[in-house]
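Remarks on the structure that follows.
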2 protein chains.
Amino acid sequence: MGEKEKIHNLSDLIIEFYEKLSSWEHSIVASSGITLQQMHTIEILGVHNPVKMKDLAGKMGITTGTLTVLIDNLEKKDLVNRIPNPDDRRSIVIVLTEKGREHYRLHSQYHRDLTAECVAGFSASDIDSFSKYLKKVVDTI
Amino acid sequence: MGEKEKIHNLSDLIIEFYEKLSSWEHSIVASSGITLQQMHTIEILGVHNPVKMKDLAGKMGITTGTLTVLIDNLEKKDLVNRIPNPDDRRSIVIVLTEKGREHYRLHSQYHRDLTAECVAGFSASDIDSFSKYLKKVVDTI
DNA sequence: CCCATATTGTTTGAATATCAAACAATATGG
DNA sequence: CCATATTGTTTGATATTCAAACAATATGGG
């Protein structure tokens with residue numbers, strides 16, 4: 001297999017991986033009482049907490065207008081809070097509430113369970129190698 | 001690092017990979033004249049073509065009701081066609097039009113370009129290993 | 001062969017998500 | 001001091017999402 005073919009093959013695998021993870025997310029989130037996009041938001045807030053609207057919108061690839069209404073709905077469900085930014089009165093930061101953190105922990109656990117299942121047949125050094133390659137890819141995107 | 005920590009680390013990397021790929025998709029699709037979900041549909045049809053509504057909805061993790069309206073919009077834009085299933089008069093299959101295939105080819109090329117960029121520092125055997133690991137993960141989800 | 005049950009895709013209403021554009025409040029820098 | 005830029009919000013139009021109800025058709029058991 002030439003290098004171009006290797007890259008085509010890998011590209012197809014990445015797409016398939018993304019599709020399947022999307023479908024898995026859909027089915028996992030369906031029973032959580034919040035929407036896919038709301039869970040998506042909580043996933044990011046679980047790692048970047050607190051975060052400014054502009055930055056959060058950037059991470060999600062949506063406009064701040066869209067995010068404003070999304071945060072409205074999450075606030076209504078007591079999953080996040082808007083906190084004034086002491087350094088900039090135009091600006092606010094978004095934080096997870098305790099309930100929001102609970103959603104994040106639960107969802108994280110589902111992800112870890114899925115990951116464990118995916119690498120069940122891997123050796124410890126396989127996992128290390130895969131993580132190393134994935135880290136490089138993630139650092140590039 | 002214990003095995004549990006390796007899995008947690010890998011899980012976090014998978015989530016981050018998914019988030020970044022989502023954002024990248026958003027920005028790529030923004031200039032294409034169709035929505036993210038419409039491009040998502042074309043991506044799947046590029047590989048599974050033709051496909052039944054029920055099966056396509058399953059792959060996308062949405063209901064057939066949602067898919068019906070999505071396909072209405074894609075048909076309106078002349079990107080797909082509905083074809084009667086000769087074996088089952090209740091059933092139809094969805095196919096990409098020539099214009100739809102063109103969207104698919106273009107989008108695929110963007111994916112390949114991104115993939116090439118991501119593995120620019122990889123050796124040929126690195127790519128083989130990464131593909132092997134990813135294949136196993138994809139086959140498990 | 002008949003008919004009860006299941007399946008496929010569609011329609012509909014309500015809620016959520018999306019964008020671009022316009023806006024108010026505030027920050028910045030010349 | 002003031003022109004310009006930035007941040008988040010609001011709004012209207014469109015898209016996406018679900019569940020429920022429906023019509024047309026397929027299936028399988030009696």
Side-chain angles (χ1 to χ4, degrees), chain A residues 19 22-23 25-45 50-77 79-95 103, chain B residues 19 22-23 25-45 50-77 79-95 103:
Chain A
E19 305 292 355
S22 292
S23 292
E25 289 267 6
H26 263 89
S27 62
I28 282 291
V29 166
S31 57
S32 71
I34 66 178
T35 69
L36 189 66
Q37 194 68 325
Q38 289 169 354
M39 184 60 84
H40 200 66
T41 310
I42 290 180
E43 267 186 325
I44 295 182
L45 287 169
V51 68
K52 293 200 279 189
M53 293 287 281
K54 183 58 173 275
D55 296 334
L56 180 52
K59 287 184 187 305
M60 298 183 65
I62 60 178
T63 66
T64 53
T66 300
L67 184 62
T68 295
V69 185
L70 182 46
I71 294 297
D72 284 348
N73 290 328
L74 284 170
E75 220 179 10
K76 220 182 293 174
K77 292 179 172 177
L79 296 171
V80 305
N81 281 325
R82 282 176 162 100
I83 304 292
N85 179 352
D87 298 329
D88 185 343
R89 284 154 68 172
R90 297 169 300 176
S91 183
I92 55 169
V93 297
I94 306 300
V95 300
H103 267 76
Chain B
E19 304 293 354
S22 292
S23 291
E25 289 268 7
H26 263 91
S27 62
I28 283 291
V29 165
S31 57
S32 71
I34 66 179
T35 69
L36 189 65
Q37 192 69 323
Q38 288 169 353
M39 183 60 83
H40 200 67
T41 310
I42 289 179
E43 266 187 324
I44 295 183
L45 286 169
V51 68
K52 292 199 278 186
M53 293 287 281
K54 183 57 172 276
D55 297 334
L56 181 51
K59 286 181 188 307
M60 296 182 67
I62 58 177
T63 66
T64 53
T66 300
L67 185 60
T68 294
V69 185
L70 182 45
I71 294 296
D72 284 350
N73 289 329
L74 285 172
E75 222 180 8
K76 218 182 292 174
K77 293 179 173 177
L79 295 172
V80 306
N81 280 326
R82 284 176 161 98
I83 305 291
N85 179 354
D87 298 328
D88 184 343
R89 284 155 66 173
R90 296 169 300 173
S91 182
I92 55 168
V93 297
I94 307 299
V95 298
H103 267 75

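Order of the sequence lines sets the chain letters (A, B, ...), proteins ahead of strands, with each chain counted from 1.
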Inset, instruction - Any side-chain hydrogen bond (donor to acceptor under 3.5 Å, both in side chains) involving residues 79-92 of chain B? Give me the pairs, sequence neighbours left out, ordered by first then second residue. - result: B:Asp72-B:Arg82, B:Glu75-B:Arg82, B:Asn85-B:Ser91, B:Asp88-B:Arg90

Atom pair distance, as rounded to whole Å: [atom1] in [X] and [atom2] in [N]:
| X | N | atom1 | atom2 | result |
| --- | --- | --- | --- | --- |
| A:Asn85 | D:dT6 | CG | C1' | 13 Å |
| A:Met39 | C:dT16 | CE | P | 16 Å |
| A:Ile71 | C:dT18 | CD1 | P | 11 Å |

Legend entry - Residues A:Ile94, A:Leu74; criterion side chain to side chain contact (heavy atoms under 4.5 Å, CB included); working and verdict: CA-CA 11 Å; A:Ile94 306 300; A:Leu74 284 170; over 6 Å; no

Between [X] and [Y] (side chain of the first, backbone of the second, donor and acceptor by atom type, cut-off under 3.5 Å), is there such a pair?
| X | Y | value |
| --- | --- | --- |
| A:Ser23 | B:Lys59 | yes |
| A:His40 | A:Leu36 | no |
| A:Thr41 | A:Gln37 | yes |

Inset, instruction - Return yes when atom NZ of A:Lys77 has more than 12 non-hydrogen atoms of other residues, nucleotides or ligands closer than 6.0 Å, and no otherwise. - result: yes

Inset, instruction - Mark up nucleotides 7-19 of chain D, 5' to 3', with B wherever a protein heavy atom is under 4.0 angstrom from a base atom, S wherever such an atom reaches only the sugar-phosphate, and - elsewhere. - result: SSBB----SSBBS

Inset, instruction - Any chance you could measure A:Asn73, atom CG, to A:Ile34, atom CD1, to the nearest 0.5 Å? - result: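 Rounded to the nearest 0.5 Å, the CG-CD1 separation comes to 11.0 Å.
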
Inset, instruction - Starting at CE of A:Met53, measure out to CG of A:Leu67 and round the result to the nearest 0.5 Å. - result: 4.0 Å

Inset, instruction - Five pairs at each end of the helix from C:dC1-D:dG30 to C:dG30-D:dC1: take the axis at both ends and give me the angle between them to 10°. - result: 30°

